[in-house]
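Here is the structure we will look at, set down as structure tokens.
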Amino acid sequence: MARKRDRHWSEDAAAAADPGIASVSRSRIGSWPLAGGIALLTALVVFIDVATGNDLRLVPLLVVVPALASVYCSLRQTIWVAVWITTVVVGFRAGTDGTFWDFLFGIGFAVLACALGVAACAARIRHATEMARLRSAVVTLQRQILRPLPVTTGHVLAHGLYEPLEEDRFVGGDIYEVVDSPYGTRVIIGDVQGKGLAAIGAGFAAIAAFREAAIREATLTGVVEALEDAVVRHNAFSAQTGEAERFVTALVLGFDGSGRVEAVNCGHLPPRLFDDGRSTAVPLRRTYVPLGLAGLSRETRTTESFAFPPGATLLVVTDGVTEARDAAGAFYPLDERAAAWTGHGPRELLDALHVDLEAFSGGVRRDDVAALALCRAPVETGASRPVSAVAVTGPAAPAPAPSGAAPPMALPF
């Protein structure tokens, strides 16, 4: 008994902590409108039944009402409807002629049908709660993998936006990370092919490899090669366990304080530079195959560089931004909208993007949305610390920790 009470208390606590879990047990119909509708329906059915006499008996058909209520109402409302309908049917049967067995069969059928309606409502709410808890766990897993921290490194100040898609098997695998290494600041933003938990697993393999390689490898191409090897190993393991192989589109950037940015584009969207009142797409000359597919190409991935002037902001996004659609099915015109944000700072730029994207799509999203806004750090530091962090929506980045101290931790969302 105590174990059962503990389980109920833990479920209540989870529902209180997650509005999505709590919402699945709520009614879609208010109690007073429901009561009025049931009373009106009951009066109408009883009137027609009495008016037609023995030729047409409609009152017993009221037993289907609890089944309908189980789809839209809370468990408490469904129980109330079942009790009311049972009372009406039993009272009506008691006032009609018939044998004892007719009366007993009619009452038994009414009670059984109403009880099945209540059971169906309880089963629906239990299933919806389990699915909501699964969605919540998956999104929490995504956020923990990405370690949601705004970050200032020795070379860049990184702000970010992350909106995961909390919809069962449609959960995506957007990834991004910022690592301060002895060779400069390395940044990755990417998107795993496919959806679901398997996509998150592939994203975790890429993120873990990047965190290690960004500090260990002296060149950006060495980092990308380590990422390629990690995705290939993950696909080999996935094939052994029956999962589909996946690739990862990624843009890997390197900042060393020289005024230029190194880049390796592995099938990802190019960055956009906001500088001097203008918004322009960075003209990367080469786009290589996504991570995990290098064996299909004879090209060797190399770096290219572009200017990153003081005061400029670099915006990198995933296709959840560019492939968002409006009610008519048109794609989000990032290039056109970006022209209005040229005077914004990194944080304001992401806020404007978020608001405009929500208005354009009507709040309906089909994929994860991830974006990073990068600008030069306010003060260039000397030696870089190997600290890894991820930028997400939140307040301005905290000041760097003193030498030897652990990096500041961010509170969960």
Side-chain angles (χ1 to χ4, degrees), residues 146 148-153 155-165 172 174-178 185 187-191 249-251 253 255 259-261 263 265 268-284 306-378 389-397 413:
L146 294 176
L149 294 172
V151 63
T152 301
T153 71
H155 306 93
V156 298
L157 168 62
H159 288 281
L161 168 68
Y162 178 50
E163 291 287 338
L165 183 63
D174 285 7
I175 59 173
Y176 49 88
E177 180 69 294
V178 179
T185 299
V187 177
I188 183 174
I189 185 167
D191 188 6
T249 65
L251 177 65
L253 304 173
F255 302 81
R260 298 188 67 83
V261 180
N265 188 356
H268 199 73
L269 298 169
R272 176 165 287 276
L273 187 67
F274 292 78
D275 180 45
D276 196 22
R278 292 176 299 175
S279 168
T280 57
V282 176
L284 296 179
F306 58 89
F308 189 38
T313 298
L314 194 66
L315 177 67
V316 290
V317 302
T318 59
D319 59 8
V321 175
T322 56
E323 294 183 3
R325 302 189 183 213
D326 62 9
F331 289 110
Y332 181 70
L334 177 61
D335 294 342
E336 298 176 11
R337 304 301 177 97
W341 307 329
T342 54
H344 294 352
R347 178 72 271 148
E348 293 76 17
L349 174 61
L350 291 178
D351 290 341
L353 172 63
H354 186 211
V355 171
D356 191 57
L357 192 63
E358 287 291 306
F360 178 83
S361 63
V364 178
R365 290 185 290 110
R366 298 174 176 84
D367 199 356
D368 290 355
V369 171
L372 291 177
L374 309 166
C375 65
R376 286 194 179 188
V390 173
V392 298
T393 301
F413 283 93

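Positions are given from 1, in the same order as the sequence printed here.
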From [options], residue fulfilling side chain to side chain contact (heavy atoms under 4.5 Å, CB included) relative to [X]:
X: P271; options: V316, V187, I189; value: V316
X: R272; options: L314, D335, V317; value: D335
X: L273; options: V282, V261, L315; value: V282

Measure across [X] and [Y] and return the closest heavy-atom pair with its distance rounded to 0.1 Å.
X: H159; Y: P346; answer: CD2-CB, 3.7 Å
X: A377; Y: T152; answer: CB-CG2, 4.3 Å
X: A370; Y: V321; answer: O-CG2, 4.2 Å
X: L372; Y: G160; answer: CD2-CA, 4.0 Å
X: P310; Y: D275; answer: O-OD1, 4.4 Å
X: A263; Y: L253; answer: CB-CD2, 3.6 Å

Just so I know, are the side chains of [X] and [Y] near enough to count as touching, which here means a heavy-atom distance under 4.5 Å?
X: L269; Y: L251; result: no
X: T153; Y: F255; result: no
X: H354; Y: L357; result: no

Applying ring pair (Phe, Tyr, Trp, His ring centres under 6.0 Å), name anything that partners F274, two or more places apart in sequence or on another chain.
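With neighbours one apart ignored, the set is empty.
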Can you tell me how far the CH2 atom of W341 sits from the CG atom of L350, to the nearest 0.5 Å?
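Here the interatomic distance stands at 9.5 Å.
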Value rounded to 0.5 Å, distance of CG in L284 from NE2 in H268:
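Output value for this atom pair is 11.0 Å.
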Please determine whether the number of non-hydrogen atoms from other residues, nucleotides or ligands lying under 6.0 Å from atom CZ of R278 exceeds 12.
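Atom CZ in R278 is not crowded, with 12 or fewer foreign heavy atoms closer than 6.0 Å.
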Can you check whether F308's main-chain N or O pairs, donor with acceptor, with R376's side chain at less than 3.5 Å?
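Checking the backbone N and O of F308 against the side chain of R376, a donor-acceptor pair under 3.5 Å is found.
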So, S279 side chain and T342 main chain: donor-acceptor pair closer than 3.5 Å or not?
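Not at all, since once roles are kept as given, no pair shorter than 3.5 Å links the two residues.
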Side chain to side chain donor-acceptor pair (under 3.5 Å) pairs, two or more places apart, involving residues 307-325:
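Sorted result for residues 307-325: D174-T318.
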